[in-house]
Protein chains: 2
Amino acid sequence: MRECCDMRGFLSFIVLRLISKKNMSGEDIRKEMKKRKGAKPSPGTIYPVLKALSESGFIQEVKDSGKEKKYKLTKKGQKELKAATRKFCEIFYDMKEEFGRFC
Amino acid sequence: MRECCDMRGFLSFIVLRLISKKNMSGEDIRKEMKKRKGAKPSPGTIYPVLKALSESGFIQEVKDSGKEKKYKLTKKGQKELKAATRKFCEIFYDMKEEFGRFC
DNA sequence: CTACAAATATCGTATATCCGATATTAATAT
DNA sequence: ATATTAATATCGGATATACGATATTTGTAG
């Protein structure tokens with residue numbers, strides 16, 4: 001249901017955010033996470049997420065040269081991301097100060 | 001290990017943040033979540049988190065009149081919150097714009 | 001065409017959220 | 001003292017992260 005406080009969609013949220021900025025493959029995402037966090041998520045983490053997001057119709061494969069499989073956001077995915085962002089901000093509306101201090 | 005991208009500590013993160021601002025009981029936290037999200041987390045969600053946080057030494061019961069059991073952050077909890085905030089900002093450093101638009 | 005390597009896919013396992021339901025505790029009202 | 005009620009605690013069950021290991025696909029080099 002994910003009605004109330006379910007924080008379990010955060011990895012999907014992050015992936016959606018990344019893909020929304022630039023078409024990305026699983027490897028692209030893993031590299032970006034490494035840049036941000038210092039460690040790559042394991043393949044067993046990222047590919048199932050991509051699959052689920054794809055099956056939900058939020059992302060879509062893009063034809064591309066090379067062996068990578070790039071994804072782009074669908075219309076549905078854009079709506080989902082917007083809704084998720086709103087929720088995120090409702091929970092963390094008071095993070096602004098910390099963003100100033102830590103980021 | 002929660003080394004890389006484990007987003008599964010977010011509820012604890014939120015609870016730690018709330019308690020850091022004001023000593024709070026489980027009910028206080030549920031009410032605050034309702035204010036932010038429109039729905040209360042179920043008791044089965046919040047009390048186990050409080051218990052785990054307490055057993056980890058991050059929060060501590062405070063004597064209080066009334067039937068509520070208020071918690072405060074411990075020194076260890078303060079350190080944990082600071083570290084968690086830093087991690088949070090590393091992942092979401094590019095949320096500033098959205099914070100402007102949505103919050 | 002074949003070998004290689006990179007990217008992707010899948011599997012088994014573990015833990016952290018989550019919920020609803022039920023039980024317990026404890027302050028208060030009668 | 002007992003009943004009421006709010007707060008807390010616990011339980012069973014579900015799903016979303018996570019990992020490491022293994023398998024499969026696919027582009028490229030030879």
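Just so it is clear, the values below take in all heavy atoms, side chains as well, and ignore hydrogens, waters and symmetry mates. These numbers were taken from a predicted model, which means no experiment stands behind them. Residue numbers start from 1 in every chain, and the chains themselves are labelled A, B, ... in the order their sequence lines are given, proteins ahead of strands.
For the pair B/Lys51 NZ and C/dT24 C1', the computed distance is 13 Å after rounding to whole Å. When rounded to the nearest whole Å, the span between CD1 of A/Ile59 and P of C/dT8 equals 11 Å. Note: CZ (B/Phe10) to C1' (D/dT17) measures 12 Å, nearest angstrom. For B/Phe13 and D/dT17, the CZ to P distance is 18 Å, given to the nearest whole Å. To the nearest angstrom, P of D/dT22 lies 18 Å from OH of A/Tyr47. When the C1' atom of D/dA7 is taken as reference, atom CG of B/Leu50 falls 12 Å away, rounded to whole Å. We find that CG of A/Leu11 is positioned 17 Å from P of C/dA16, with the value rounded to whole Å. As a whole-Å value, the separation of B/Arg30 CZ from D/dA7 C1' is 9 Å.
Of the possible donor and acceptor atoms, one in the side chain of B/Thr74 sits under 3.5 Å from a partner among the backbone N and O of B/Gly57.
At the phosphate of D/dC19, neither OP1 nor OP2 sits under 4.0 Å from any side-chain N or O atom of A/Lys40. For the OP1/OP2 pair of C/dA16 and a distance below 4.0 Å, the side-chain nitrogens and oxygens of B/Ser12 include no atom meeting the criterion. Here A/Lys70 does not reach the OP1 or OP2 of C/dA7: none of its side-chain N or O atoms lies under 4.0 Å away. The side chain of B/Ser25 places no N or O atom within less than 4.0 Å of a non-bridging phosphate oxygen (OP1 or OP2) of D/dA7.
Residue contacts for A/Gly44: at a heavy-atom cut-off of 4.0 Å it reaches a base atom on one of the strands shown.
Salt-bridge annotation for A/Arg36 and B/Glu90: absent, with no side-chain N of the basic residue lying under 4.0 Å from a carboxylate O of the acidic one.
Taking all atoms of both residues into account, the shortest heavy-atom contact from B/Met33 to B/Pro41 is CB-CD, 3.5 Å. Looking at every heavy atom in both residues, A/Asn23 comes nearest to A/Asp28 through O-OD2, 4.3 Å.
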> Would B/Arg17 and A/Glu98 satisfy salt bridge (charged side-chain N to carboxylate O under 4.0 Å, His left out), going step by step from the backbone distance to the final call?
Replying inline: CA-CA 11 Å; B/Arg17 267 175 58 72; A/Glu98 276 93 340; 2.8 Å; yes

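Considering only the side chain of A/Lys69, C/dT8 comes nearest among C/dC19, C/dT8, D/dT8. Of the candidate nucleotides C/dC19, D/dT8, C/dT8, C/dC19 has the atom lying nearest to any side-chain atom of B/Ser42. The side chain of A/Lys67 lies closest to D/dG27 when the candidates are C/dA9, C/dA27, D/dG27.
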